[in-house]
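Remarks on the structure that follows.
The chains referred to below are lettered A, B, ... by the order of the sequence lines, with proteins before strands, and numbering in each begins at 1.
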Amino acid sequence: MTPQAWFKQRGWTIFPFQKAVWKAALQGRSGLLHATTGSGKTYAVWFAALARAIKQPAKPKRGLRVLWLTPMRALAADTARALQEPLAELLPDWTVGMRTGDTSAAERARQTRSLPSALVTTPESLCLMLSQANAAERFAALDMVIVDEWHELMGNKRGVQAQLALARLRQWHPDLVVWGLSATPGDLTEARDTLLGGADGEIVEGALRKELVIDTLIPVNPSRFAWSGHLGLQMLQPVIDAIEPHSSTLIFTNTRSQAELWYQNLLEARPDWAGLIALHHGSLDREVRDWVEQSLKLGTLKAVICTSSLDLGVDFLPVERVLQIGSAKGIARLLQRAGRSGHAPGRPSRITLVPTNSLELLEAAGAKRAVANRQIETRHAPNKPLDVLVQHLVTMALGGGFMADALFDEVRTAWSYRTLTRAEWDWALAFVTHGGQSLTVYPEYRRVQADALGIHRVPDLALGRRHRMGIGTIVADASIQVSFISGGRIGTVEESFISRMTPGDHFLFGGRLLELVRVHDMTALVKRASGKKAAVPRWNGGKLPLSSEYAHALLDCLQDASEQRYDGPEMQAIRPLLELQQRSSALPTRQRLVIETHLCKEGQHLFVYPFAGRSVHAGLAALLAYRAAAMSPMTFSISVNEYGFELLSAEAFDWPALMRRVDLFSDTDLIADVLASLNAGELAQRRFREIARIAGLVFQGYPGQPKSTRQLQASSSLFFEVFRKHDAGNLLLLQAQQEVLEQELELSRLQATLVELRDRELSFYQTERATPLGFPLMVERVRERLSSEKLSDRVARMIAQLEKAAGP
DNA sequence: GACCTGCTGCGGGCTG
């Protein structure tokens with residue numbers, strides 16, 4: 001049977017994009033397919049692979065023919081099932097299998113004897129297979145590789161690892177056909193080049209463009225809505241009303257503790273929903289999450305409160321409605337989450353934004369505008385990360401060995417390493433052969449040795465074993481296990497959270513009130529507790545700044561407001577606040593940088609609103625403080641948020657005069673000034689922990705007996721110190737510094753912002769009191785110093801002062 | 001009457 005006939009039999013139409021993929025693949029061409037989920041993209045590439053197999057009966061019948069990479073284990077099983085279905089009729093002698101960390105030992109043993117015709121696996125598992133000495137043999141019949149959700153991988157080190165693995169497979173099979181699937185738009189050319197190493201390839205666009213509806217829950221009384229804060233419980237009742245009429249709702253929050261608190265508050269308000277609503281985030285135990293995902297699939301849950309843990313995966317959910325509490329921070333993420341609803345052809349996706357403070361009404365308006373204008377973030381692959389390369393070299397040495405020159409050429413065919421210099425390569429090779437300058441005396445860092453023929457191999461079985469256990473680029477959070485004393489795992493929290501507690505203390509986790517009994521062997525043993533007051537664990541997760549695209553959309557909305565245009569319910573709701581801002585000083589726009597000063601008994605506040613996201617503001621604030629202090633010595637306390645930053649000085653300071661005289665926003669000496677103004681050394685040291693782990697310097701410990709994060713942190717800082725003292729040219733140190741600059745301080749964005757600011761007119765205002773844009777920054781600064789209870793008193797006092805000053 | 005900030009993803013050797 002042909003693929004066409006198979007479709008015809010079911011009365012399905014073959015979409016033009018599916019035909020395009022089949023045709024290209026049949027002609028041996030690789031490419032990237034951009035299509036939304038649930039639009040038939042799986043079958044587009046799968047049938048392309050089958051069509052190739054049918055056309056080439058001469059190829060060996062046994063062995064691995066198609067490799068399917070997926071970024072998540074949870075997706076592997078679904079995918080394998082979907083591939084299985086058409087196979088029975090088209091190619092009855094083919095088999096489909098999967099290989100992830102979950103695969104049983106028995107199944108692994110079976111696969112060691114012979115791989116299935118099509119294998120669904122992860123980038124990490126693929127690397128493990130490539131580290132087997134007979135890898136070349138096992139992949140000898142490979143014909144096509146499919147990389148699902150390539151947009152999820154391409155921007156990070158997992159994607160780089162996939163690139164390197166693909167480079168190896170292409171080396172063995174120059175005609176290998178590679179197709180990537182990408183669900184979000186952005187720069188498709190870059191996505192294709194990253195996947196194919198810059199080689200020629202198609203870009204096919206799926207025909208289905210889904211209709212998208214974005215709406216906003218407007219607070220009942222917008223003029224009394226909080227000016228700052230991120231939890232948003234003021235919106236509890238509107239959210240309940242939104243959940244009520246629907247059979248299933250996904251509620252996205254930005255942090256795990258926020259999810260916990262919302263879950264608890266929803267249950268308190270609606271005790272009748274017990275058992276019908278559930279919680280899902282990355283620190284909950286796998287079993288708990290699997291149960292939630294299963295129940296969602298079965299349609300037995302009314303609502304799930306989650307973090308980005310449900311951005312991907314769990315396809316074909318019967319979700320009717322999606323709520324986003326607080327800022328989504330990026331337009332691509334918003335689209336991704338909206339796509340979780342209306343998961344059937346022809347049905348629109350819908351997402352409802354729930355603001356947690358007044359300015360998020362503006363964000364809601366900005367989101368609509370950015371989506372309408374297709375202003376969507378693009379992802380870029382990391383540039384030649386040497387930690388990943390070092391890991392790859394050991395993997396290659398295990399997987400049959402390598403010749404240095406040949407592997408150098410091969411690695412350079414991976415997009416991220418296309419500019420790798422011979423010197424960098426030699427450094428990496430030296431690093432795996434003798435640990436570089438400072439570790440030469442330790443045999444455990446002589447991981448790779450060349451034999452008489454020049455073939456590099458791993459000389460020692462134990463070293464190889466240790467390496468395989470460390471393959472991958474994800475570095476786990478600093479966490480310890482939480483389990484019931486009676487048995488049953490709940491999830492993980494940070495060591496630092498538990499270390500602040502004493503036995504008998506209560507905390508809220510996994511939607512339950514728990515009492516700490518004792519800590520033993522990296523596990524916090526707990527039992528159920530009753531009562532009310534309890535701490536909620538805080539996890540120290542990543543900080544996603546507002547994207548540039550999103551921020552620009554906000555400035556455009558402000559531009560409208562400054563011209564008295566208030567379109568849509570969001571802008572109408574925030575109108576009083578923006579008018580107050582305008583009366584007290586002015587509205588920032590793309591043409592105008594608003595700078596406010598405000599004297600009070602604390603000292604002098606300087607507020608600046610570039611609208612460039614918090615990481616850029618952190619850099620800008622530090623830069624400004626540093627440069628101003630260089631003119632006249634003075635100390636500042638700094639506070640930043642997504643919209644601007646504040647510098648507070650004890651003494652008054654003539655900012656307008658200084659800014660007119662000196663270009664404080666100049667980008668000359670930018671890197672030097674940024675490094676000097678921030679504690680870049682400490683940031684780099686923290687960053688180095690991840691690099692040391694990926695490069696294989698730090699061993700995580702054997703399964704079942706993990707080392708504590710404190711031990712791991714200690715050993716990675718030891719390496720950091722040793723390298724700094726005795727091996728200053730160590731390129732991994734340099735990498736740590738570059739990653740801090742690029743990823744944490746977003747240097748290129750900072751630079752772009754400085755360029756933008758130069759074109760903005762500086763507008764200075766001296767204000768009587770904090771403005772709507774300034775107030776949240778003041779709260780933010782106070783928050784850093786005070787516990788939350790004291791903070792609420794303080795906030796109340798600040799508001800009282802504001803209102804007194806505003807008059808009756 | 002106004003507070004609660006920071007996400008996600010993977011992997012594992014040996015053993016009659």
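Partners of A:Glu739 by salt bridge (Lys or Arg N to Asp or Glu O under 4.0 Å), not counting sequence neighbours, listed by chain and number: A:Lys157, A:Arg687.
Using a 4.0 Å heavy-atom criterion, one finds that A:Gly542 contacts the bases of the nucleic acid, with or without backbone contacts as well. Note on A:Ser228: only backbone sugar-phosphate atoms sit closer than 4.0 angstrom, heavy atoms only; bases stay farther off. Looking at heavy-atom distances under 4.0 Å, A:Arg333 makes no contact with the nucleic acid at all. Residue A:Arg289 is classed as a sugar-phosphate contact, given heavy-atom separations below 4.0 Å to backbone atoms only. Using a 4.0 Å heavy-atom cutoff across all strands shown, A:Trp227 reaches no nucleic acid atom at all. At the heavy-atom level, A:Thr100 lies under 4.0 Å from the strands shown only through sugar-phosphate atoms.
Among B:dC10, B:dT5, B:dG12, the nucleotide with an atom closest to any side-chain atom of A:Arg108 is B:dG12. The side chain of A:Ile474 sits closest to B:dC10 out of B:dC10, B:dG11, B:dT8. Considering only the side chain of A:Arg99, B:dG12 comes nearest among B:dG12, B:dT5, B:dT8. For A:Met469, whose side chain is taken as the heavy atoms from C-beta onward, the closest listed nucleotide among B:dT5, B:dG12, B:dT8 is B:dG12. Distances from the side chain of A:Leu128 to the nucleotides B:dG11, B:dC4, B:dT5 place B:dG11 closest. Comparing B:dC10, B:dT5, B:dG9 by their nearest atom to the side chain of A:Arg73 picks out B:dC10. Residue A:Thr122 places its side chain closer to B:dC10 than to any other of B:dC7, B:dC10, B:dG12.
Look at CG on A:Leu75: it is 13 Å from C1' on B:dT8, rounded to the nearest Å. Distance CZ (A:Phe497) to P (B:dT5): 14 Å, rounded to an integer number of Å. Atom CD in A:Glu124 sits about 17 Å away from atom P in B:dT8, given to the nearest Å. Here B:dG12 presents its C1' atom at 12 Å from CD of A:Gln391, a figure rounded to the nearest Å. Counting to the nearest Å, the C1' atom of B:dT8 and the NZ atom of A:Lys329 are 16 Å from each other. Remark: C1' of B:dG9 and CZ of A:Arg379 are 12 Å apart, rounded to the nearest angstrom. When rounded to the nearest whole Å, the span between CZ of A:Arg466 and C1' of B:dG13 equals 13 Å. Rounding to whole angstrom units, NE2 of residue A:His151 and P of B:dG9 are separated by 14 Å.
In this structure, the ring of A:Trp539 has its center less than 6.0 angstrom from the ring center of A:Phe509.
By the neighbour-count criterion of 12 heavy atoms within 6.0 Å, atom CD of A:Glu287 is sparsely surrounded, having that number or fewer from other residues, nucleotides or ligands. A:Arg138 CZ: more than 12 foreign heavy atoms inside a 6.0 Å radius.
Between A:Lys329 and A:Glu642 there is a salt bridge, with a side-chain nitrogen of the basic residue lying less than 4.0 Å from a carboxylate oxygen of the acidic one. By the 4.0 Å N-to-carboxylate-O rule, A:Asp102 lies close enough to A:Arg286 to be salt-bridged with it. For the pair A:Arg158 and A:Glu124, the salt-bridge criterion is met [side-chain N within less than 4.0 Å of a carboxylate O].
A:Arg614 contributes a side-chain N or O that forms a donor-acceptor pair with the base of B:dG6 under 3.5 Å. Between the base of B:dC7 and the side chain of A:Thr307 there is no donor-acceptor pair shorter than 3.5 Å.
Taking side-chain N and O atoms only, A:Arg538 has no distance below 4.0 Å to OP1 or OP2 of B:dC7. Contact annotation: A:Ser309 side-chain N/O to B:dG9 OP1/OP2 distance is not under 4.0 Å. Listed pair A:Ser125 / B:dC10 fails the phosphate criterion, with no side-chain N or O lying under 4.0 Å from OP1 or OP2.
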All N/O contacts under 3.5 Å from nucleotides 14-16 of chain B to the protein, with atom names and distances to one decimal?
none

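Side chain to side chain, A:Asn221 and A:Ser223 meet the donor-acceptor criterion of an N or O pair below 3.5 Å. A:Arg337 and A:Gln324 share a side-chain donor-acceptor pair at under 3.5 Å.
Looking at which nucleotide of DNA chain B each of A:Thr255 and A:Gln234 is closest to, the 5′-most match is held by A:Gln234. Comparing A:Arg158 and A:Asn265 along DNA chain B, the residue whose closest nucleotide (by nearest heavy atom) sits nearer the 5' end is A:Asn265.
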